[in-house]
Amino acid sequence: MPLIDKPLPELLTYAGTNPRPADFDAYWDAALAELDGIDPAPELIPNPTIRSEKTEAFDLSFRSVGGARIHAKYLRPRNASSPHPAVLNFHGYSGASGDWSDFLGYTSEGLAVASLDVRGQAGQSQDSVPVLGTTLNGHIIRGLDD
């Protein structure tokens with residue numbers, strides 16, 4: 001039996017204790033407009049790490065907010081003749097995109113894989129957006145001192 005601190009009907013409507021900021025919509029409108037205005041200038045560079053008859057491996061990078069280059073590992077089935085499903089991998093806090101070999105099972109089943117190095121973490125993505133406060137490897141605690 002789960003232990004909860006509120007009756008289920010109350011949990012279903014609970015909105016939390018932090019009020020939504022008054023400028024929430026304006027912030028996201030401006031942030032998405034900024035993103036729409038960026039030329040991502042994507043680059044797809046073959047990576048020789050994986051030598052497989054079934055898989056092609058690439059370093060994928062693109063430009064993002066603050067001019068940062070964002071990196072991902074991209075693997076796909078070799079010589080795929082039609083569109084195919086993809087797996088998108090986002091690592092945990094203070095991690096990175098993982099080892100190339102972690103994704104070979106997916107490509108052998110006909111799936112493409114993109115594994116992002118989240119900016120400000122342990123991977124190759126750049127983190128160029130300054131924020132006041134403690135950073136301990138990333139965004140989770142950035143700005144808390146504000």
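Because the structure is predicted, anything quoted here is derived from the model rather than measured.
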- Item | Same cluster (ILVMFWY, side-chain, under 4.5 Å), Ile45 and Ile50 |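 Per the 4.5 Å side-chain linkage, Ile45 and Ile50 are not co-clustered.
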- Message: With a 4.5 Å cut-off on side-chain heavy-atom distances among I, L, V, M, F, W and Y, is there a chain of contacts connecting Leu111 to Phe103?
- Response: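 Yes; Phe103 is reachable from Leu111 via cluster members.
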If you define the side chain from C-beta out and look only at heavy atoms, does anything of [X] sit under 4.5 Å from [Y]?
X: Ile70; Y: Leu116; value: yes
X: Lys6; Y: Tyr14; value: yes
X: Arg76; Y: Phe58; value: yes
X: Arg63; Y: Ile38; value: yes

- Task: For the pair Ser97 and Lys73, evaluate side chain to side chain donor-acceptor pair (under 3.5 Å) and give the outcome as yes or no after the intermediate values.
- Result: CA-CA 7 Å; Ser97 57; Lys73 290 180 172 80; 2.7 Å; yes
- Would Asp59 and His71 satisfy side chain to side chain contact (heavy atoms under 4.5 Å, CB included), going step by step from the backbone distance to the final call? CA-CA 7 Å; Asp59 286 295; His71 174 265; 2.8 Å; yes
[atom1]-[atom2] distance between [X] and [Y], expressed to the nearest 0.5 angstrom:
X: Arg69; Y: Asp117; atom1: CZ; atom2: CG; result: 13.5 Å
X: Phe90; Y: Ser115; atom1: CZ; atom2: OG; result: 8.5 Å
X: Phe62; Y: Leu44; atom1: CZ; atom2: CG; result: 12.5 Å

- Task: Verify the distance criterion only: is there a donor paired with an acceptor across the side chains of Lys54 and Ser108 at less than 3.5 Å?
- Result: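 There is no such pair (donor and acceptor under 3.5 Å, judged by atom type) between the side chains of Lys54 and Ser108.
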Output yes when a side-chain donor or acceptor of [X] lies under 3.5 Å from a complementary backbone atom of [Y], and no otherwise.
X: His84; Y: Ser82; value: yes
X: His91; Y: Val118; value: yes
X: Arg78; Y: Ser52; value: yes

- Message: If you count heavy atoms of other groups shown closer than 6.0 angstrom to CZ of Arg51, is the number above 12?
- Response: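 Not more than 12 within 6.0 Å, no.
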- Pick from Val113, Leu75, Thr55: which one makes a side-chain contact (heavy atoms from CB on, under 4.5 Å) with Trp100?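 Only one of Val113, Leu75, Thr55 forms a side-chain contact (heavy atoms from CB on, under 4.5 Å) with Trp100, namely Leu75.
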- Check ion pair Arg20-Asp25 (N to O, under 4.0 angstrom):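 Yes, this pair counts.
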